[in-house]
Amino acid sequence: MGSLDEGWPEPVVCVQSLSDSGKLSIPDRYIKPQPERPSLSVNDMNIPIIDFNGLVTSPEATMKQISKACREWGFFQLVNHGVRTDLVDGVRETWREFFHEPMEVKQKYANSPKTYEGFGSRLGTEKDAILDWNDYYYLHYRPPCNTKWPDQPPSLREVMEEYTSEILRLGAALLKVFSVNLGLKEDSFQRAFGGNDFGACLRANFYPKCPQPDLTLGLSSHSDPGGMAILLPDEQVCGLQVRKDDQWVTIKPEPHAIIVNIGDQIQVLSNAIYKSVEHRVVVNPNKERVSLAYFYNPKSDMLIQPISELVTSNKPALYLPMTFEEYRGFIRTKGPQGKFQVESLKSPR
């Protein structure tokens, strides 16, 4: 049987067990410093909402909308994306069932910081770090490997296989759009990711109810280290916030929408034309929240640097070459709070 302490610097506590304890205060380990605590979002902004079917009905306008979202927001919502609504609802609720399995079931899949695959409740290996209010399950899918599938609920693997197929189709289509919008050949980003050898992994997130949501975060502020994230949000509970113009904007999910965000590797490949922006998750005192983040990533040993066509005398390369595995190593050590920001990889000028 797995152990929730395997490979971690100190005992790991399941956040759901803290939530279920009925205590009215959270442990000090989860209390963020004052500047990092969430504040009430008072603006009515939302990230761009894009009808993906517009690539068929009004391609020029839709391409422009996606380009603007990538350059100005780094985030957008897709509706009419081609993934069946029953599959979208079913996969989210299947993972909700998993997180409500007894602790002894989930503990069989306890993860370690070496790969993070499996059930866990913390990121980063720094001792005495301030933690986030969430549990999660991390699944490696590509390159092909012995994926650590849970056997409960029984339908999970089947529904995930179908959902994964749809998300990878969507990811490949988006990379083509991203490439063409930069004046590149449509396969430019996919080739930079390693062609058919690209990586893919899932993080299923569970944010339990929190008695003091004003003191903590479900996920600390960070930008995603990979290529792009394709997120299935919880339509019933808002929680994801994006930094825009020094404000935190709470995303209001459209029904059955999928949220797409640019990751650090695409920012590097685009020579900072596309933006990988900070985002975080706030928690709720009355409602739990489930979301699924699929990460569409470069192959681990691919050297990531600005695409040559995007480097000119007027805009030289802003980033030094680094493999995705090297970059990801910083994240696995530090977690989101100590993230090795992409900006620190800029070339000296």
Original post:
Stepwise, does the side chain to side chain contact (heavy atoms under 4.5 Å, CB included) test hold for M302 with F193?
Top reply: CA-CA 7 Å; M302 288 297 292; F193 273 42; over 6 Å; no

Nearest 0.5 Å, what's the [atom1]-[atom2] distance between [X] and [Y]?
X    : Y    : atom1 : atom2 : answer
D224 : N261 : CG    : CG    : 4.5 Å
S188 : F178 : OG    : CZ    : 13.5 Å
K148 : F119 : NZ    : CZ    : 11.5 Å
I273 : C70  : CD1   : SG    : 11.0 Å
Q265 : Q267 : CD    : CD    : 10.0 Å
R191 : K185 : CZ    : NZ    : 6.5 Å

Within the 3.5 Å criterion, strictly below it, is a donor on [X] or [Y] matched to an acceptor on the partner's side chain?
X    : Y    : answer
T147 : R157 : no
D264 : S276 : yes
Q212 : Y30  : no
S223 : E278 : no
Y296 : Q190 : yes
S291 : D234 : no

Original post:
Of L231, L240, I262, which meets side chain to side chain contact (heavy atoms under 4.5 Å, CB included) against F75?
Top reply: L240

Subject >> Single hit among I26, V283, T216 for side chain to side chain contact (heavy atoms under 4.5 Å, CB included) with P211 >> reply: I26

Using 4.0 Å as the upper bound for N to carboxylate O, is an ion pair formed by [Y] and [X]?
X    : Y    : value
R84  : D86  : yes
E101 : K108 : no
D132 : K32  : yes

Donor-acceptor pair, side chain of [X] and main chain of [Y], under 3.5 angstrom:
X    : Y    : result
S19  : K209 : yes
N46  : K252 : yes
S179 : L175 : yes
K315 : N271 : yes
E288 : F206 : no
E36  : P33  : no
S221 : R280 : no
N297 : G227 : yes
E254 : I49  : no
D135 : Q16  : yes

Hey, any chance [X] and [Y] share a hydrophobic cluster, counting ILVMFWY side chains that come within less than 4.5 Å of each other, even indirectly?
X    : Y    : result
V281 : L18  : yes
V237 : Y136 : no
W248 : V282 : no
F295 : L202 : no
V242 : V79  : no

Might you point out which heavy atoms bring [X] and [Y] nearest each other, and give the distance in Å?
X    : Y    : result
Y207 : W133 : CD2-O, 3.6 Å
T94  : G90  : OG1-O, 2.7 Å
S300 : T323 : O-CB, 3.7 Å
K299 : D197 : CB-O, 3.3 Å
F98  : P150 : CE1-CB, 3.8 Å

Subject >> Stepwise side chain to side chain contact (heavy atoms under 4.5 Å, CB included) test for H81 and V88 >> reply: CA-CA 11 Å; H81 40 66; V88 164; 4.2 Å; yes

Can you label the angle between the [X] ring and the [Y] ring as parallel, tilted or perpendicular, going by 30° and 60°?
X    : Y    : value
Y138 : H140 : perpendicular
H222 : H279 : tilted
W8   : Y116 : perpendicular
Y163 : Y294 : tilted

Subject >> Verdict with supporting geometry, R289 and N134, side chain to side chain contact (heavy atoms under 4.5 Å, CB included) >> reply: CA-CA 10 Å; R289 181 172 174 272; N134 76 75; over 6 Å; no

**OP:** Give me the other members of the hydrophobic cluster that V311 sits in, counting Ile, Leu, Val, Met, Phe, Trp and Tyr linked by side-chain heavy atoms under 4.5 Å, directly or via other members.
**Re:** none

Original post:
With sequence neighbours excluded, what pairs up with E309 under the salt bridge (Lys or Arg N to Asp or Glu O under 4.0 Å) test?
Top reply: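 Checked E309 against salt bridge (Lys or Arg N to Asp or Glu O under 4.0 Å); zero matches.
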
Original post:
Please walk me through it: do T164 and R142 pass side chain to side chain donor-acceptor pair (under 3.5 Å)?
Top reply: CA-CA 10 Å; T164 295; R142 289 183 57 95; over 6 Å; no

Original post:
With side chains defined as the heavy atoms from C-beta onward, is the minimum distance between R243 and V277 less than 4.5 Å?
Top reply: no

**OP:** Dump the intermediate steps for side chain to side chain contact (heavy atoms under 4.5 Å, CB included) on M322 and I304, then the final yes or no.
**Re:** CA-CA 5 Å; M322 177 180 279; I304 303 299; over 6 Å; no

Subject >> Greater than 12 external heavy atoms within 6.0 Å of D151's CG >> reply: yes

